[in-house]
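The structure under discussion appears below in the form of structure tokens.
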Amino acid sequence: MNDVTTDFGSLVFNDEVMRERLPKDTYRALKKTIDEGSDLDLSIANVVANAMKDWATEQGVTHFTHWFQPMTGVTAEKHDSFISPTPEGGIIMEFSGKELVKGEPDASSFPSGGLRATFEARGYTAWDPTSYAFIKDGILCIPTAFASYSGEALDKKTPLLRSMQALDKEAIRLLRLFGNTEASRVVSTVGPEQEYFLIDRSMYEQRRDLKYTNRTLFGAKPPKGQELDDHYFGALRPRVSEFMAELDRELWKLGILAKTKHNEVAPAQHELAPIYGQTNVATDHNQVTMEMMKRIALKHDLVCLLHEKPFAGINGSGKHNNWSVQTDTGENLMEPTSKPEENLQFLLVLAAVIEAVDKHQDLLRLSVASAGNDHRLGANEAPPAIISIYLGDVLTGVLEAVESYADYSSEDREELETGVQVLPNFQKDNTDRNRTSPFAFTGNKFEFRMLGSSLSVAGPNVVLNTILADQFREYADRLEKAERFDAEVLRIIREAYRNHKRIIFNGNNYSDEWVAEAEERGLLNLKSTADALPYFVRPENIALFERHGVFSEAEMRSRLEILLEEYCKTLQIEATTMLQMAKKSIIPAVAEYTSELADTINRKKQAVADVNVDTETSLLRELSNLLGSFYKAVETLDDKLIEAGRITDLEEAAHFYRDEIFQAMQEMRGLSDTMETMVSKKVWPWPTYGDILFSV
Ligand code: ADP
Ligand code: MG
């Protein structure tokens, strides 16, 4: 077996390789671009491109691609070869700085939500030098952002980079006010915990629903589900551990620090967490991880399901977005240190998160909205659709103290003393880690837990970075004018806590009482994607994103259009697949079985005139009735789909899909699942839940 330490990052054009292969001044210039986000000179790009090509070709690579994340789909790539013809009729391997820095994919089939019609037809990809190039599947992949020629973002990465810039700017302002002159850059960091299912490939192949929609549209619950909880952290089965070992090895080569692996709550469900990194890099890495999971699974005759809810009634899959904000000098702004002066800064950051999350519940909620995630949010295993923050008792106590102190003192000096005095009691809250909270403080980071397993982490982090940047901006504006800095800091913390503490909830988020209490507190409860998405283009949200240069209004409207359309299309494909499965397989299967029953009854009666055929008769009657209802449900869904096709307004269509189509699908499913439990296994057209979940 190869040595992991030498293998690590062997497929990445990383800092070490650059330092080794680039002339000193080129390396320095590139490093400056990477660290400070400055523009890259074309002459430097030429040198870098050439070194990159040499490095790649030495490993047998002949093609490169600008690797990017369009608005839908996982990632996109178009392969070009390094080959250039020479005048003498031969070829040479070439890769120019221009090709490295800018690509022009044929973008016409990527969704632009009308942007390309309004602006410029072509799009281009631009290298994100802060995310290293890597070799995947024998191709040199260059992480890029994708925009239209007039600069509108057509991907998930451009706004993410913009939001990181905004956060950098406002955080540095705040740090300077605290006397920090050393930090020159602030970045957000992310460690996404990725859940997934592994099932047997032959089972998958037999299920049209899994193949077309990545989830089962029919299927009765198995007699043994996750009731025994014996899968959670249980021993890994050999096939699964072989898959995981290979996945780890491949991810390490790509410089992805895959760290933990264990079984999850549901049978056949697992989790992988990498060591966290800078948000744009972590986003790229998570996309690659999802791709590698799928690819490597196939090599083991397994299929990796990343859908949020592949099996009804069985735990779904999510992705926990662990998030913090750090300086280039290594300070984590979310780390509650023991020094009071620094804790004051920590408390202000904490106040900013609390205020930002409360003010922008809508954005956080809609950033995780998707057809797949609608099956989880609000259901029993996932956090509810209501945003709230878990702080733990200790931190909540500190903020309570800061808040209440104001009531019996007007002296700034005293305020300060007491504000600080409560801090040394602070201890890291490791004991009570509330698992039900959608947004939890976990020691030195926040964990946003509402993300679905297949979602790119880009969107939620665009929101997190931007709302925190905006809050930092407000505080910095105030503090820059303050006469007594520390007193003003305490005043801000107090006000933020007093005005926004309704968002803090340390109890059980899965309880019905919480839903009622949240309503009393006036918290948003946007139950579905159709409900949540339209909030995106509220005037205050457009103003927020424009203020920080993260999205223009046109970009936001186009994005909303793309997301609504994607939602409708997903449900449309699911409904169509269901209808096909019903007509081509379920109805014939049940009809066959009932006719077998009828034959049995007749034959038995012929043999013995007064034989007891009660069981067969009542089964025949019941199944025939169910089949009749099922057929009606099929007709209803058919009609509703036609109706949906006539709706031109996307928001209206989304609601129709949610309220009418989805309901009709549920109705159909319920009837089919009942019939499944009644007919012989022999006639049922595809593997059951039990077959699939316990197949590996
Ligand atoms: P748990 O299952 O207890 O939530 P895991 O260890 O599975 O925790 O995952 C925690 C994740 O959080 C890891 O990816 C880890 O690298 C990441 N993480 C830790 N500290 C930070 C931080 N400061 N910023 C972002 N992510 C972090
Ligand atoms: Mg977690």
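Residue indices begin at 1 and follow the sequence shown. One-based numbering, in listed order, for ligands and for the atoms of each.
- Atoms of ligand 1 found under 4.0 Å from any heavy atom of Gln326, numbered from 1 in the order shown, are 23 (N).
- Annotation: side chain of Glu195 is not in contact with side chain of His320 (no heavy-atom distance under 4.5 Å).
- Contacts between Thr442 and ligand 1, counted as non-hydrogen atom pairs separated by less than 4.0 Å, are absent for every part of the residue.
- Only the side chain of Arg435 comes within contact range of ligand 1, with a heavy atom under 4.0 Å; no backbone atom does.
- The side-chain contact (heavy atoms from CB on, under 4.5 Å) test applied to Gln165 returns no partner, not counting sequence neighbours.
- Under the 4.0 angstrom criterion for non-hydrogen atoms, Glu335 is not in contact with ligand 1.
- Shown in contact with Asn332 at under 4.0 Å from a heavy atom are these atoms of ligand 1, numbered in order with element: 23 (N).
- With ligand atoms numbered from 1 in the order given, ligand 1 contributes 14 (O), 25 (C), 26 (N) to contacts under 4.0 Å with heavy atoms of Gly191.
- The nearest non-hydrogen atom to atom 14 (O) of ligand 1, considering only Ala258, Pro274, Ala273, comes from Pro274.
- The only member of Val463, Leu563, Leu363 that meets side chain to side chain contact (heavy atoms under 4.5 Å, CB included) when paired with Phe536 is Leu363.
- Salt-bridge formation is not detected for the pair Glu308/Arg215: no Lys NZ or Arg NE/NH1/NH2 atom is positioned less than 4.0 Å from an Asp or Glu carboxylate oxygen.
- Ring orientation note: the planes of Tyr689 and Phe311 are nearly perpendicular, at an angle over 60° on the 30°/60° scale.
- Within the listing of ligand 1, atoms 16 (O) sit less than 4.0 angstrom from a heavy atom of Ile275.
- The Asn322 neighbourhood of ligand 1 comprises atoms 10 (C), 11 (C), 12 (O), 17 (C), 25 (C), 26 (N), 27 (C), with distances under 4.0 Å to a heavy atom of that residue.
- Of all the listed residues (Tyr276, Trp323, Phe446), Tyr276 holds the heavy atom that lies closest to atom 20 (N) of ligand 1.
- A 4.5 Å side-chain heavy-atom check between Lys299 and Phe243 finds every atom pair outside the cut-off.
- The distance from ligand 1 to the heavy atoms of Glu271 drops below 4.0 Å at these ligand atoms: 7 (O).
- Here is the list of ligand 1 atoms found below 4.0 Å of a heavy atom in Glu447: 4 (O).
- Distance check: Thr216 OG1 to Lys309 NZ gives 10.0 Å after rounding to the nearest 0.5 Å.
- At a 4.0 Å cut-off, not a single heavy atom of His320 sits close enough to ligand 1 to count as contact.
- Here Met334 has no heavy atoms under 4.0 Å from ligand 1, in either its backbone or its side chain.
- Counting non-hydrogen atoms of neighbouring residues, nucleotides and ligands closer than 6.0 angstrom, the NZ atom of Lys359 exceeds 12 such neighbours.
- In this structure the side chain of Asn180 reaches within 4.5 angstrom of the side chain of Glu182, judged on heavy atoms.
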